[in-house]
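Structure, as structure tokens:
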Amino acid sequence: IQWLESMQRERDTLTSRGTWVMVPRSKIGKHRPVKCKYVYKKKKNKDGSLQFKSRLVACGYSQQEGRDYRADETYASVCSYSSMRFLMSLCCQKGYLLSQTDITGAYLESYLTDTVFMEPPRDMWVNGKPPRDARGQELVCELKRGLYGLRQSGHLWGECFKDFLMKDKTFNMGFTEMTGEPNLYRKTFVLNGRAEELLLGQYVDDCVLASSSNEARLWFMERLEKRFPVNPKSSGLITFDTPGLVLSMHVRYDQEKGVLQLDQHDAIVAIARKIKVTDLPPRSLPITDTVDLPKLERAEVSQTDYLSVVGSCLHICQVSRPDSAYAIGVLTRHSATPGQEHMDAAHNLVKYLYSTRDLFIQYTRDTHGNEPIIYERGAPVQTTQRTIEERLKTSKPEERPNEPNLYIDANFAGDKVTRRSTSGMICFMNGGPVSWSSRLQKLCAQSTAESEIYAVTDCVKEAIHLKLLCEECGVRTIGV
């Protein structure tokens with residue numbers, strides 16, 4: 001019954017927003033109506049309650065390019081994971097309020113620029129037949145708004161939200177878009193005689209807001225709620241008492257103490273239960289560098305099952321687990337032809353994640369900025385008398401708040417088949433990692449030095465990205 005009720009809510013929402021108008025099929029000309037279907041999902045709200053969601057989606061694969069959509073309107077950008085972590089780290093250091101909000105039916109807020117027709121959903125049929133008008137003509141839906149599933153809906157919604165923040169003359173929001181991150185916005189203004197700042201990260205319909213005061217936050221939310229329908233169950237301040245749920249991350253924030261923590265405990269438990277490894281012995285490593293996974297000519301196990309596990313781990317790794325970056329990089333190299341050894345290695349990675357499911361990333365606010373603990377084996381021997389810990393500890397630049405520190409390394413000829421090296425990078429900011437990667441190099445290095453030069457060259461791109469964010473957020477002098 002919950003699903004039937006959720007379907008009715010979806011239909012009511014679509015009808016109230018004027019998502020379509022009914023027109024006779026005989027008047028649509030050469031247009032071919034796209035198909036549609038309901039997608040069902042259980043969603044966990046910010047307060048921990050379960051929400052049954054039914055979403056009517058158009059089958060975009062049945063659209064015709066040039067008639068139903070334009071080829072240049074199929075791309076929609078989102079805020080990168082590293083930029084979202086950068087925003088939360090910066091918020092913690094500045095002592096700002098952190099909040100989240102979710103826009104209900106976001107795609108429906110945009111209007112289509114092309115004429116698109118859709119077959120009526122099955123729950124609109126009468127006695128097993130499509131709906132008809134008073135004259136007995138069969139009806140189809142002429143879409144007016146960006147329904148979920150259409151190829152252009154994501155692009156149109158992104159432009160709609162961007163226009164609201166930057167160009168809408170009714171609300172006059174006055175945000176500026178970051179050069180280094182198209183879905184990160186900043187606004188500085190004076191409110192009640194006080195200088196205020198807002199930082200906003202957008203990921204489709206989810207927004208994370210860092211505000212210099214509660215008055216500034218309320219100023220933004222008042223205008224957002226007037227323009228878009230906001231889901232109150234998925235919106236509000238993020239604290240330790242009321243954690244946030246952002247991109248499957250549990251986010252806890254103590255503004256007074258200056259501590260922000262994020263983890264994906266529930267996502268890890270879900271995948272571990274799915275493949276039934278919760279009762280197996282724990283693992284202390286995601287994978288070892290001595291593991292030699294063979295390159296097969298053809299798949300020996302279900303590719304769908306393998307990609308399901310690897311894909312879930314990939315998302316977890318990209319969002320909150322840099323310690324598994326190398327392992328997931330190795331596993332993805334065998335996505336086309338997985339064997340039993342590869343499946344076992346993937347299950348071992350899930351077992352490791354489950355064994356360490358309580359680990360979290362933490363950002364702290366203090367006068368010293370970053371204090372990562374990183375060691376290197378190749379430290380040169382000094383003539384002065386130092387302890388083994390001092391000799392092993394890597395050199396670090398002078399610590400300052402909001403100063404990202406980038407660490408890079410490479411393993412020479414690590415891939416046993418291609419003999420290519422792997423580049424590893426991690427960037428710390430305010431005591432915790434905001435960006436990381438582990439990827440196979442595109443060129444085959446001829447020496448250790450060459451492999452490390454390739455790694456540095458590749459990671460300079462991330463350094464420039466973070467440099468731009470720091471400059472545009474006012475924590476670094478432009479051009480220095």
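Numbering of residues begins at 1 and proceeds along the displayed sequence.
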Using the ring of Phe360 (Phe, Tyr or Trp, six-membered ring only), decide whether Arg252 places NZ or CZ under 6.0 Å from its centre and within 45 degrees of its axis.
yes
For the residue pair Ser82 / Ser435, report whether a side-chain donor-acceptor contact shorter than 3.5 Å exists.
no
Please answer whether the main-chain N or O of Val34 pairs with a side-chain N or O of Ser62 as donor and acceptor at a distance below 3.5 Å.
no
Ser320-Asp263 side chain donor-acceptor pair, cut-off 3.5 Å
no
Ignoring hydrogens and angles, state whether a donor on the side chain of Glu10 or Tyr38 is under 3.5 Å from an acceptor on the partner side chain.
no
Compute whether any side-chain donor of one residue and acceptor of the other, for Thr74 and His155, lie under 3.5 angstrom apart.
no
May I ask you to check if Arg145 and Trp157 form a cation-pi contact, with NZ or CZ under 6.0 angstrom from the six-membered ring centre and within 45° of the axis?
no
Between Asp12 and Gln8, is there a side-chain donor-acceptor contact under 3.5 Å, judged purely by atom types and distance?
yes
With Asp266, which residues qualify under salt bridge (Lys or Arg N to Asp or Glu O under 4.0 Å), at least two apart?
Lys44
Sort and list the pairs that fulfil salt bridge (Lys or Arg N to Asp or Glu O under 4.0 Å) and have at least one residue in residues 428-439, not counting sequence neighbours.
Arg439-Asp458
Could you work out, with ring pair (Phe, Tyr, Trp, His ring centres under 6.0 Å) as the rule, every residue matching His265, not counting sequence neighbours?
none
Checking Arg194 against Ser212: is there a side-chain donor and acceptor pair closer than 3.5 Å?
no
Glu472 and Arg186: CA distance, side-chain angles, deciding distance, salt bridge (Lys or Arg N to Asp or Glu O under 4.0 Å) verdict:
CA-CA 8 Å; Glu472 294 182 290; Arg186 181 177 184 238; over 6 Å; no
Determine, stepwise, if the pair Asp133 / Arg135 fulfils salt bridge (Lys or Arg N to Asp or Glu O under 4.0 Å).
CA-CA 5 Å; Asp133 61 13; Arg135 285 187 265 177; 5.0 Å; no
Exceeds 12 heavy-atom contacts within 6.0 angstrom, atom CZ of Arg17:
yes
If we ignore angles and hydrogens, is there a donor and acceptor under 3.5 Å between the side chains of Ser110 and Glu159?
no
Nearest 0.5 angstrom please: Gln264 CD to Ile271 CD1, how far?
12.0 Å
A cation-pi test, strictly: NZ or CZ of Arg357 under 6.0 Å from the centre of the six-membered ring of Tyr354 and no more than 45 degrees from its axis. Yes or no?
yes
Here's one to test your reading of the geometry: is the NZ or CZ of Arg55 within 45 degrees of the ring axis of Tyr148 and under 6.0 Å from its centre?
yes
Parallel, tilted or perpendicular for Trp219 and Phe189, by the 30°/60° rule?
tilted
Point-to-point distance, once rounded to the nearest 0.5 Å, from OH of Tyr111 to CG of Leu156:
12.5 Å
Rounded to the nearest 0.5 Å, how far does NE2 of His315 lie from OG of Ser248?
3.0 Å
Just checking, any donor-acceptor pair under 3.5 angstrom between side chains of Ser83 and Ser80?
yes
I'd like to know whether the aromatic ring centres of Tyr40 and Phe52 sit less than 6.0 Å apart in this structure.
no
Output field: ring centroids Phe171/Phe164 closer than 6.0 Å:
yes
Are Tyr96 and Ser211 packed together at the side-chain level, in the sense that at least one heavy-atom pair is separated by less than 4.5 angstrom?
no
Pair Gln93-Asn402, side-chain donor/acceptor within less than 3.5 Å:
no
Indicate whether the side chain of Lys274 and that of Ser308 have a donor and an acceptor atom separated by less than 3.5 Å.
yes
